[in-house]
Amino acid sequence: MWWGSRKKERERGESLAPWAPTGANGQPAAAAALPAEPGQLARQAGESESVLFQSLILPHAGSAQVIVPWSARAQELGARRIGQERGIGLLQTAWARQGPSQPFNRQELALLGTFFEYHSLPADREIIQQDEYGDYMMVQLNGVMAVERAGPNGQPVRMAETHVGDLIGEMSLLDQGLRFSSCVSLTPCELAVLTRDGLDEMMHNQAQLAARLVLLLARKLSVRLRAVSSKLK
């Protein structure tokens, strides 16, 4: 019995190690967990709520490493930078193609344009790839691009062609989701690119402009969704 051996140790004057319970195999048993303090419980609850919130607004947050940012794509494609002053001038001209319902005047577009990047690309470049995660959108300043999607046999099927003033990839800018289709430059193109970081900076520094831009993008997405729905009826 363990208490008999402990008694003999005391009689010999030997120092006693603190007693610890043992399991059935003679190994030390796991210590019982102490009750968590109220502050610790609150912190744990807060962390759990934060993780839940991220999972609700970013369903693929755990896959952030597969998002293809514009910086990586631009380097891959050999894109060349355009000066901001010239880029903003091209953006103002191209944006006029949005029609009279677009919410920005020329002065506001000059301010809005400071949050974009401007690049030129040669023909025959796959600027957006189908089924990749993205976090940027583009405004086409000149040139022509093809919008393609892989068909049942895996071959690309051309769905449309984009032209000056068209917005491309705005859905992924808003939700960092999968790209529905690919975009390939058919001619040399110049593009205004708004990244997620650029949009966040705009929201911080020009909140009203950012809100109006997001509203414009939401309206365009709504129109597209209604058009698709009408075709399915």
Side-chain angles (χ1 to χ4, degrees), residues 56-59 67-71 73-74 79 81-121 127-128 133-147 159-183 185 187 189-231:
L56 290 174
I57 64 171
L58 292 176
I67 292 178
V68 181
W70 172 248
S71 57
R73 181 51 47 80
R81 279 260 189 181
I82 301 174
Q84 187 181 80
E85 183 177 355
R86 179 171 180 270
I88 290 176
L90 290 171
L91 178 64
Q92 289 172 320
T93 301
W95 201 274
R97 302 288 187 95
Q98 300 291 330
S101 61
Q102 67 88 17
F104 305 110
N105 60 38
R106 192 170 179 84
Q107 290 71 30
E108 290 170 332
L109 280 173
L111 182 56
L112 192 76
T114 60
F115 299 98
F116 283 74
E117 300 177 18
Y118 302 93
H119 294 265
S120 64
L121 289 161
I127 302 170
I128 289 177
Y133 287 108
D135 65 350
Y136 61 89
M137 80 164 198
M138 303 176 292
V139 181
Q140 190 157 342
L141 304 179
N142 53 46
V144 181
M145 291 197 294
V147 180
M159 303 170 60
E161 291 184 359
T162 66
H163 300 277
V164 176
D166 285 343
L167 305 183
I168 305 157
E170 64 272 26
M171 186 179 295
S172 290
L173 171 68
L174 297 177
D175 67 3
Q176 297 182 333
L178 284 172
R179 302 287 194 184
F180 178 76
S181 56
S182 299
C183 289
S185 58
T187 68
C189 294
E190 291 181 312
L191 304 169
V193 181
L194 180 62
T195 66
R196 185 62 181 260
D197 287 342
L199 179 60
D200 289 344
E201 185 181 356
M202 190 191 306
M203 289 180 173
H204 180 73
N205 295 299
Q206 295 290 336
Q208 290 188 356
L209 280 181
R212 287 155 63 189
L213 175 62
V214 170
L215 181 59
L216 173 67
L217 299 181
R219 285 174 177 167
K220 287 185 172 293
L221 291 173
S222 176
V223 169
R224 292 182 187 177
L225 181 59
R226 290 180 184 276
V228 171
S229 299
S230 65
K231 292 179 181 180

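Numbering of residues begins at 1 and proceeds along the displayed sequence.
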Looking at [atom1] of [X] and [atom2] of [Y], how far apart are the two atoms once the value is rounded to the nearest 0.5 Å?
{"X": "Leu178", "Y": "Ile67", "atom1": "CG", "atom2": "CD1", "answer": "10.0 Å"}
{"X": "Glu170", "Y": "Asp175", "atom1": "CD", "atom2": "CG", "answer": "10.5 Å"}
{"X": "Leu121", "Y": "Arg73", "atom1": "CG", "atom2": "CZ", "answer": "10.5 Å"}
{"X": "Asn105", "Y": "Gln92", "atom1": "CG", "atom2": "CD", "answer": "9.5 Å"}
{"X": "Leu217", "Y": "Leu174", "atom1": "CG", "atom2": "CG", "answer": "5.5 Å"}

With heavy-atom distances below 4.5 Å as the criterion, would you say the side chains of [X] and [Y] are in contact?
{"X": "Met202", "Y": "Leu194", "result": "yes"}
{"X": "Met138", "Y": "Ile128", "result": "yes"}
{"X": "Trp95", "Y": "Leu167", "result": "yes"}
{"X": "Phe104", "Y": "Leu209", "result": "yes"}
{"X": "Met145", "Y": "Leu191", "result": "yes"}
{"X": "Ile88", "Y": "Phe116", "result": "no"}
{"X": "Thr195", "Y": "Pro69", "result": "no"}
{"X": "Tyr136", "Y": "Asp197", "result": "no"}

Of all heavy-atom pairs between [X] and [Y], which one has the smallest distance, and what is that distance?
{"X": "Cys189", "Y": "Val144", "value": "SG-O, 3.6 Å"}
{"X": "Ala192", "Y": "Tyr118", "value": "CB-CE2, 3.5 Å"}
{"X": "Pro103", "Y": "Glu108", "value": "O-OE1, 3.6 Å"}
{"X": "Glu117", "Y": "Trp70", "value": "OE1-CD1, 3.4 Å"}
{"X": "Ser185", "Y": "Ile127", "value": "CB-CD1, 4.1 Å"}
{"X": "Cys183", "Y": "Val147", "value": "SG-CG2, 4.2 Å"}

For Val68 and Arg179: C-alpha separation, side-chain torsions, deciding distance, then whether side chain to side chain contact (heavy atoms under 4.5 Å, CB included) applies.
CA-CA 11 Å; Val68 181; Arg179 302 287 194 184; over 6 Å; no
With no hydrogens and no angle check, is any side-chain donor or acceptor of Ser172 less than 3.5 Å from a backbone partner on Asp135?
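No; zero donor-acceptor contacts below 3.5 Å.
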Under the 3.5 angstrom rule, does the side chain of Thr114 hit a backbone N or O of Ala110 as a donor-acceptor pair?
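No: the side chain of Thr114 does not pair with the backbone of Ala110.
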Begin with the C-alpha distance, continue with both residues' side-chain angles, and end with the deciding distance and a verdict on side chain to side chain contact (heavy atoms under 4.5 Å, CB included) for Phe180 and Met171.
CA-CA 9 Å; Phe180 178 76; Met171 186 179 295; over 6 Å; no
Hey, is CE on Met203 packed in by over 12 heavy atoms from elsewhere, all under 6.0 Å?
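Yes, the 6.0 Å shell around CE holds more than 12 heavy atoms from other groups.
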Please name the residue in the list His119, Gln140, Arg86 that meets the side-chain hydrogen bond (donor to acceptor under 3.5 Å, both in side chains) test with Glu190.
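Passing option: Arg86.
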